[in-house]
*Asks:* 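Here it is, the structure, as structure tokens.
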Amino acid sequence: MHRTVLPLAFAALLAGCGQRAELEPLAGSTLPPAPYGQEARPAPEDLLALDPQAAPERSVELRKRSEEREDDPFDLPPE
């Protein structure tokens, strides 16, 4: 049993390692064309950047005390 567990654990650790290098297109391919109306092509880092709608900032407003809920007109009992 130990003979199979050790290589599997080593393979899992090895698979977790990643190379950190500059992003480049695959051999034989190019970056996407420039967006309509722009002359310059975006860099790989620009293509990976999220726009604000994809990753909105979080509002972390903590409540200091209990507050009464307002009456919800759409909270109706089942018919």
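These numbers come from a predicted model, not from an experiment. Note that these values count all heavy atoms, side chains included, but never hydrogens, waters or copies made by symmetry.
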*Asks:* Holding to side chain to side chain contact (heavy atoms under 4.5 Å, CB included), I want the full list of residues that pass it with Ser29, two or more places apart in sequence or in another chain.
*Replies:*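 Expected list: Pro25, Leu26.
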*Asks:* Please list every donor-acceptor pair under 3.5 Å in which a side-chain atom of residues 71-79 meets a protein atom from a residue at least two apart or in another chain.
*Replies:*
from, atom 1, to, atom 2, distance (Å)
Asp72, OD1, Phe74, N, 3.1

*Asks:* Mind checking side chain to side chain contact (heavy atoms under 4.5 Å, CB included) for Leu48 and listing every partner two or more places apart, or none if nothing turns up?
*Replies:*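 Here the qualifying residues are Leu23.
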*Asks:* For Ala54, check side chain to side chain contact (heavy atoms under 4.5 Å, CB included) against everything at least two apart and list the hits.
*Replies:*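 Per chain and number, Ala54 pairs via side chain to side chain contact (heavy atoms under 4.5 Å, CB included) with Leu50, Asp51.
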*Asks:* Using the side chain to side chain contact (heavy atoms under 4.5 Å, CB included) criterion, which residues pair with Pro35? Sequence neighbours excluded.
*Replies:*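 Once residues adjacent in sequence are excluded, the partners of Pro35 under the side chain to side chain contact (heavy atoms under 4.5 Å, CB included) criterion are Gln38, Pro42.
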*Asks:* As an exercise, state the distance from CG of Leu47 to CZ of Arg41, rounded to the nearest 0.5 Å.
*Replies:*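 Between Leu47 CG and Arg41 CZ, I get 10.5 Å after rounding to 0.5 Å.
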